[in-house]
Protein chains: 2
Amino acid sequence: MNKKNVKRRNAEATRKAILESARKRFALAGYDGAGLREIAAGADVTAMMVNRYFGSKEQLFAEVLDHVMEKPFILTPEALGSPNLARSTASALVAITNKQEEPLDGFSVMLHSASNKKAAQIARLKVEQGRQKSLSDALQGPLAAERAAILLSIVAGVQVMRQTIGITPLAEADPDDLVNLLTPVFDKLING
Amino acid sequence: MNKKNVKRRNAEATRKAILESARKRFALAGYDGAGLREIAAGADVTAMMVNRYFGSKEQLFAEVLDHVMEKPFILTPEALGSPNLARSTASALVAITNKQEEPLDGFSVMLHSASNKKAAQIARLKVEQGRQKSLSDALQGPLAAERAAILLSIVAGVQVMRQTIGITPLAEADPDDLVNLLTPVFDKLING
DNA sequence: GCTTTAATTATACAGTTGTAGATTTATATT
DNA sequence: AATATAAATCTACAACTGTATAATTAAAGC
């Protein structure tokens with residue numbers, strides 16, 4: 001019997017390794033800041049493998065966004081039924097934006113790539129297809145889509161300011177204080 | 001009588017022109033995205049003038065941030081006494097983040113440069129020295145600094161999402177709806 | 001064990017970046 | 001009008017970028 005899906009030197013594993021390295025680098029440095037050689041080195045291959053497996057840097061970026069967007073770290077549709085959603089959302093956001101944490105989410109990728117027009121357009125597309133839509137579907141009441149978008153904006157804003165830029169006192173503040181301040185804000189948007 | 005401050009070919013005007021062109025380009029494309037030749041062309045000079053007048057791209061960036069930070073477009077300390085501050089802040093933010101508007105503020109510069117470590121550090125310094133401090137001084141009540149920082153984060157987040165990325169429906173939403181949704185959010189943070 | 005085929009690398013190219021040194025140009029003073 | 005001086009440019013360089021082509025290497029099937 002002949003096996004068709006034979007993996008020599010494990011092509012599938014290499015592809016995954018590149019994708020994972022790209023996610024990390026894009027999240028840290030954005031589309032422009034992450035070089036192909038750097039991404040490839042993170043996957044223990046040479047830069048040419050990237051183009052072999054993904055065609056171009058742009059296509060790689062799009063695929064990375066697909067992956068990071070499909071599992072939201074916060075405000076998941078399932079969690080939207082919870083009674084203390086506003087507070088749990090606030091505390092998840094504060095926890096994740098701790099400095100030492102690796103920025104592992106689509107927001108980092110998107111925000112750090114906002115200055116590049118092509119990358120920003122790809123990111124917008126992916127956000128609209130992914131999180132934004134499922135979130136606004138789950139929210140109740142009038143102007144659900146707008147409220148969802150503002151919610152995402154606040155999450156994004158806090159993440160950049162706290163984690164990337166590291167604004168004082170956001171970066172050094174007592175996490176509990178931040179949660180207490182953010183909770184009523186989120187509550188306004190979730191419950192109206 | 002001999003005049004000491006003689007300007008040949010108007011050095012001062014050239015310096016200002018470069019600074020202004022740099023502000024525009026940095027706001028649009030961020031630190032990495034704005035090339036020195038491009039910035040220089042916007043001031044009708046060659047790229048070498050930039051280094052002559054500012055020493056390096058980094059120093060130019062720092063000086064641009066000094067200028068854009070010293071005149072806040074929103075949440076000015078003077079306006080903080082106004083009764084309807086939350087609403088006027090919301091409506092100013094919505095008005096300014098209209099797509100056609102040129103991004104003329106320090107937030108754009110900062111956000112688009114967040115992916116570059118050096119640039120992000122310079123930006124953080126300037127924000128802390130400038131707007132952040134005056135704003136938290138003006139806010140009343142407990143945790144004023146934290147509330148001010150969250151306020152700035154929300155402004156930043158809405159700006160990126162609405163203007164730079166152009167998320168639907170934030171970009172196309174009815175401005176009045178957005179103002180109505182943002183006002184109670186800002187009110188929570190301003191008045192507690 | 002040899003051949004085939006796919007995974008991986010090596011080399012190279014054209015473009016861009018920030019910047020340095022030498023040179024040219026314009027202007028104010030003599 | 002000639003000269004001194006500062007403004008502006010020209011040329012160039014070394015480092016980087018994404019990517020294309022050609023060569024090499026390793027493993028599967030016979």
Side-chain angles (χ1 to χ4, degrees), chain A residues 1-22 25-26 28-64 112-113 115-119 121-122, chain B residues 1-22 25-26 28-64 112-113 115-119 121-122:
Chain A
M1 54 176 85
N2 59 346
K3 301 209 284 176
K4 287 182 97 179
N5 282 351
V6 187
K7 292 154 211 160
R8 314 180 164 200
R9 272 146 123 179
N10 216 340
E12 196 176 317
T14 302
R15 212 191 121 93
K16 273 193 179 178
I18 294 174
L19 207 57
E20 176 62 9
S21 170
R25 291 302 311 161
F26 280 142
L28 269 173
Y31 183 83
D32 286 330
L36 283 186
R37 285 165 180 81
E38 196 180 7
I39 291 171
D44 272 319
V45 281
T46 52
M48 292 67 226
M49 293 278 81
V50 176
N51 277 322
R52 177 171 223 277
Y53 282 104
F54 298 92
S56 70
K57 188 183 184 182
E58 248 178 82
Q59 290 174 260
L60 170 65
F61 184 70
E63 197 150 331
V64 165
H112 288 169
S113 308
S115 58
N116 183 295
K117 278 199 170 185
K118 277 186 195 169
Q121 194 192 338
I122 296 174
Chain B
M1 52 177 84
N2 58 344
K3 301 209 283 178
K4 287 183 97 178
N5 282 352
V6 187
K7 293 153 211 157
R8 315 183 162 197
R9 271 147 122 179
N10 216 341
E12 196 176 318
T14 303
R15 213 192 120 93
K16 274 192 179 178
I18 293 174
L19 208 57
E20 175 63 10
S21 170
R25 292 301 312 161
F26 280 141
L28 271 171
Y31 183 83
D32 287 330
L36 283 186
R37 286 165 179 80
E38 195 179 8
I39 290 172
D44 272 319
V45 281
T46 52
M48 292 67 226
M49 293 277 82
V50 176
N51 276 323
R52 177 172 224 278
Y53 281 104
F54 298 91
S56 70
K57 188 184 184 182
E58 247 180 82
Q59 290 174 261
L60 170 66
F61 183 70
E63 197 150 331
V64 165
H112 288 167
S113 308
S115 58
N116 182 295
K117 278 199 171 184
K118 277 185 196 170
Q121 194 193 338
I122 296 174

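Side chains are part of it too, since the values below use all heavy atoms of this structure and drop only hydrogens, waters and symmetry mates.
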To the nearest Å, how far apart are [X] [atom1] and [N] [atom2]?
X       : N      : atom1 : atom2 : value
A:Phe54 : D:dG18 : CZ    : C1'   : 16 Å
B:Asn10 : D:dA8  : CG    : P     : 8 Å
B:Asn51 : C:dT17 : CG    : C1'   : 12 Å
B:Met49 : D:dT9  : CE    : C1'   : 8 Å
B:Arg25 : C:dT17 : CZ    : C1'   : 15 Å
B:Ile18 : C:dG18 : CD1   : C1'   : 15 Å
B:Asp44 : D:dA7  : CG    : C1'   : 15 Å
B:Met48 : D:dT9  : CE    : P     : 10 Å

ask   = On the ring face of A:Tyr31, is A:Lys57 found with NZ or CZ under 6.0 Å from the centre and within 45° of the axis?
value =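 The answer is yes, since A:Lys57 meets both limits relative to A:Tyr31.
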
inquiry  = Quick check on C:dT8: is either OP1 or OP2 less than 4.0 Å from any side-chain nitrogen or oxygen of A:Thr14?
reply    =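 A:Thr14 to C:dT8 OP1/OP2: side-chain N or O found under 4.0 Å.
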
ask   = Side-chain N or O of B:Arg52 less than 4.0 angstrom from OP1 or OP2 on D:dA7?
value =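 So the side chain of B:Arg52 is within the cut-off, an N or O lying under 4.0 Å from OP1 or OP2 of D:dA7.
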
query = Does any non-hydrogen side-chain atom of A:Asn51 lie less than 4.5 Å from one of A:Ser56?
reply =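 Yes, their side chains come closer than 4.5 Å.
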
ask   = Is the closest side-chain heavy-atom distance between B:Leu60 and B:Tyr53 below 4.5 Å?
value =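 SC-SC contact between B:Leu60 and B:Tyr53 ruled out.
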
request  = Return the residues of residues 29-42 of chain A meeting this criterion: a heavy atom under 4.0 Å from some atom of DNA chain D. Order them by number, or give none.
outcome  =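 Contacts with DNA chain D under 4.0 Å: A:Ala34, A:Gly35, A:Leu36, A:Arg37.
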
query = Say you draw a straight line from OG1 of A:Thr14 to CG of A:Leu19; how long is it, rounded to the nearest 0.5 Å?
reply =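 Taking OG1 in A:Thr14 and CG in A:Leu19, the distance rounds to 12.0 Å.
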
Nearest of [options] to any side-chain atom of [X]?
X       : options                : answer
B:Tyr53 : D:dA8, C:dT19, D:dT19  : D:dA8
B:Thr46 : D:dC10, D:dT17, C:dT19 : D:dC10
A:Ala11 : C:dA7, C:dT19, D:dA8   : C:dA7

inquiry  = Quick check: closest heavy atoms across B:Met49 and B:Ile18, and the distance to 0.1 Å?
reply    =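 Looking at all heavy atoms of both residues, the shortest contact is CB-CD1, 3.9 Å.
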
query = Do you know which two heavy atoms are closest between A:Gly30 and B:Ser115, and how far apart they sit?
reply =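 Shortest heavy-atom separation between A:Gly30 and B:Ser115 comes out as N-CB, 4.2 Å.
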
Please list, one pair per line, the donor and acceptor atoms closer than 3.5 Å that link side chains of residues 35-47 of chain A to other protein atoms, with sequence neighbours excluded.
| unit_1 | atom_1 | unit_2 | atom_2 | d |
| --- | --- | --- | --- | --- |
| A:Glu38 | OE1 | A:Gly35 | N | 3.3 |
| A:Glu38 | OE2 | A:Arg25 | NE | 3.1 |
| A:Glu38 | OE2 | A:Arg25 | NH2 | 2.5 |

ask   = Touch check for A:Val45, heavy atoms < 4.0 angstrom, all strands: base, sugar-phosphate only, or nothing?
value =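 Sugar-phosphate contact only.
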
